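Quantities reported herein were computed from a predicted structural model and do not represent experimental measurements. Below, chain A is the first sequence line, B the second, and so on; all start at residue 1. Only heavy atoms go into these numbers, but all of them, side chains included; no hydrogens, no water, no symmetry mates.
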Amino acid sequence: MSAEGMAAGLQRLMPRLVFSPSLSLVLIFIYGFIIYSIYLSFTSSRILPVNDWAGLANYLRLFKLPHWHIAIRNLAVFGSLYITFCIALGLLLAILLDQKIRLEGGIRAVLLYPMALSFIVTGTAWKWLLDPGIGLEHSVHLLGFTNFHFGWIKDGGLAIYTLVIAAVWHTSGFVMALFLAGLRGIDEEVLKAARIDGAAGLRLYTRIVIPQLRPALFSAVIVLTHLAIKSYDLVIALTGGGPGRATELPATFMYSYTFTRNQMGIGAAAAVIMLMTVAAVMIPYLHAETDGRRHG
Amino acid sequence: MVDPRYSNLLPRTLLYLVLALFVAFYLMPLYVMLANSFKPLAEIRAGGLLSPPEDWTVTPWLAAWSSAAIGVEATGLKPYFLNSVWMVIAAVAISTLLGALNGYVLSKWRFHGAGLCFGLMLFACFIPFQIVLIPMAQILGMLGLAGTVSGLVLVHVIYGLSFTTLFFRNYYASFPDDLVRAALIDGAGFFTLFGRILLPNSGPVIVVTVIWQFTNIWNDFLFGVSFADADSQPLTVALNNLVNSSTGVKEYNVHFAGAILAAFPTLLVYVLAGRYFVRGLLSGAVKG
């Protein structure tokens, strides 16, 4: 083969040569690891991974553990409130900001900055704000209203709602940005036509504008669901899962069973269930997104 | 008839009032952190978190930076701040460079199976990382990287790769193919094309990617707490230790100073390049 031929061959191979290290990393460290974790969930691994096949034992034990049921129930409460409030607040803020507001850029920046902060910082700020001894309750007492009580974070039945407050504060600005981008994308002609037809004010929004925001709403639900299922840092920083187990979520359950309680098989089973839940939400979404783009 | 400008006055005032309340709500935690980081502890106890500082002091900042107890050692947050800095610089640089090359290959050198590769990377962006924690801990141990900053760099490069690849792929997909073809006819090779034609036109996507990676890696807690040891912890883990494992007197002012230290780099990036930050967030949410 001539030198030119070899050079041309190398050129043809180059794209694949450049891409293959990254592809290998993804195949091993993501898909290989997923398979390995699924495998571990079927073994009796405890402090270290072992190869003893245990069948469905870990899953059966998992679903008998009250601790896991609490985590699932908490996720359902936290997730549904987090998603609902973020969307309601995000939509309201986007519509308010769409009224030709002066300083719109500045206000937008203020609503969105929490998204740049870590959940650990978010948790630290809200932990002390919500603490009855030093935070908002204490401040209201200092104003003279000593009957005021706001001790949710110390109350096993209400602590989960403090998680919602901090998480909504963190993410609702982002949902606002999603909706605002959607609002700005609506065809001016459609709005003009609707106004000529007599739609105005609230009716213009409920009939014409909000239905057009469906793609933004869809994205928001997906991203928020995904964030809710993965929630870990915020719980650790804000409540540490407590009081008691009042704010345990599947992510904190998985971590403590795997790394502190030495029940690796159970931890792996919990991780598999988390993955399956995310996949059930994401795969149809990604399919619709990429398909829509290919055909549209 | 009333002048329409005046009939609008009441709803407009109301609108601005509502927005002002929201702005106050969103700013409050930042205000609380800043104000209380400059107060002596006694003043916080006496006056609550909402009052502005009267007796200004920088002692909490000095304590948070260099003398507060993190776990068992009274080192302050400084060593962990530096851990995070090294971790973030290396991981962002490597993952962005690899992402640019991958995006270039996936968009301009479509080979057999490129679609599948794209799908595999896309899904990888959304996995809950709990599913990789156990095997990753083992592999880092085998590689001798457990409990090191280099180990964390490796982890962040791997799990950031899908995002960086997608950002660049989507950006390059709209880069005119005619220019690429013209350069190829002129004899440009794989790397010449990338270095001379695509890279010089990649300014915005590089900024978006770097900001996205920087924010995510700097703010990461899960990987840090899972894979780092006492010396290699990133700042988020150290801050959590400072706030949540302190025994005895709770030094709120030191905690808040520490929280601002941890928030400062990403806030700075947000203030300087907020536009790109938002663009990254939105394209992270709506692929393509």
So, do [X] and [Y] sit near enough that their side-chain heavy atoms are less than 4.5 Å apart?
| X | Y | answer |
| --- | --- | --- |
| A/Met274 | B/Ile131 | no |
| B/Phe123 | A/Ile30 | no |
| A/Leu40 | B/Ile134 | yes |
| A/Phe259 | B/Leu133 | yes |

- Applying side chain to side chain contact (heavy atoms under 4.5 Å, CB included), run through A/Leu23 and B/Asn102 and close with a yes or a no. CA-CA 9 Å; A/Leu23 183 64; B/Asn102 293 339; over 6 Å; no
Name the region of [X], side chain, backbone, both or neither, that has any atom closer than 4.5 Å to a heavy atom of chain B.
| X | result |
| --- | --- |
| A/Ala270 | neither |
| A/Leu136 | side chain |
| A/Tyr255 | side chain |
| A/Ala181 | side chain |
| A/Ala279 | both |
| A/Val18 | both |
| A/Arg102 | both |
| A/Leu103 | neither |
| A/Pro114 | side chain |
| A/Ile28 | neither |
| A/Tyr232 | side chain |
| A/Leu111 | both |
| A/Val272 | both |
| A/Leu27 | side chain |

Interface moiety of [X] toward chain A, non-hydrogen atoms closer than 4.5 Å:
| X | value |
| --- | --- |
| B/Leu161 | side chain |
| B/Ile139 | side chain |
| B/Leu106 | side chain |
| B/Val18 | side chain |
| B/Thr215 | side chain |
| B/Ser226 | both |
| B/Ala46 | backbone |
| B/Tyr104 | neither |
| B/Ile127 | both |
| B/Met33 | side chain |
| B/Phe190 | both |
| B/Val132 | both |

Interatomic distance, [X] atom [atom1] to [Y] atom [atom2] [nearest 0.5 angstrom]:
| X | Y | atom1 | atom2 | result |
| --- | --- | --- | --- | --- |
| B/Leu30 | A/Leu117 | CG | CG | 7.0 Å |
| B/Tyr159 | A/Phe33 | OH | CZ | 5.0 Å |
| A/His226 | B/Phe126 | NE2 | CZ | 6.5 Å |
| B/Leu101 | A/Leu17 | CG | CG | 12.0 Å |

- Message: Restricting to non-hydrogen atoms, name the atom on A/Gln99 and the atom on B/Arg12 that form the minimum distance, rounded to 0.1 Å.
- Response: O-NH1, 2.8 Å
- Item | Side chain B/Thr266, main chain A/Ala116, donor-acceptor under 3.5 Å | yes
- Message: Whether the side chain of B/Tyr270 engages the backbone of A/Met115 through a donor-acceptor N/O pair (distance < 3.5 Å, no angle test) should be reported.
- Response: no
- Message: Students often mix this up, so state it plainly: with edges at 30° and 60°, are the rings of B/Tyr252 and A/Trp128 parallel, tilted or perpendicular?
- Response: perpendicular
- Task: Using the six-membered ring wherever Trp is involved, compare the ring planes of B/Phe25 and A/Trp126 and label them parallel, tilted or perpendicular (cut-offs 30° and 60°).
- Result: tilted
- Residues two or more places apart in sequence or in another chain: which of them pass side-chain hydrogen bond (donor to acceptor under 3.5 Å, both in side chains) with B/Asn219? none
- Note on the structure: Sequence neighbours excluded, the answer for side-chain hydrogen bond (donor to acceptor under 3.5 Å, both in side chains) partners of A/Asp98 is A/Arg184
- Hey, is CZ on B/Phe264 packed in by over 12 heavy atoms from elsewhere, all under 6.0 Å? no
- Message: For a side chain to side chain contact (heavy atoms under 4.5 Å, CB included) check, start with the C-alpha distance between A/Ile107 and B/Phe22, then their side-chain angles and the critical distance, and finish with the verdict.
- Response: CA-CA 9 Å; A/Ile107 298 174; B/Phe22 275 116; over 6 Å; no
- side chain to side chain contact (heavy atoms under 4.5 Å, CB included) evaluation trace for B/His255 with A/Lys127: CA-CA 11 Å; B/His255 299 174; A/Lys127 182 188 181 72; over 6 Å; no
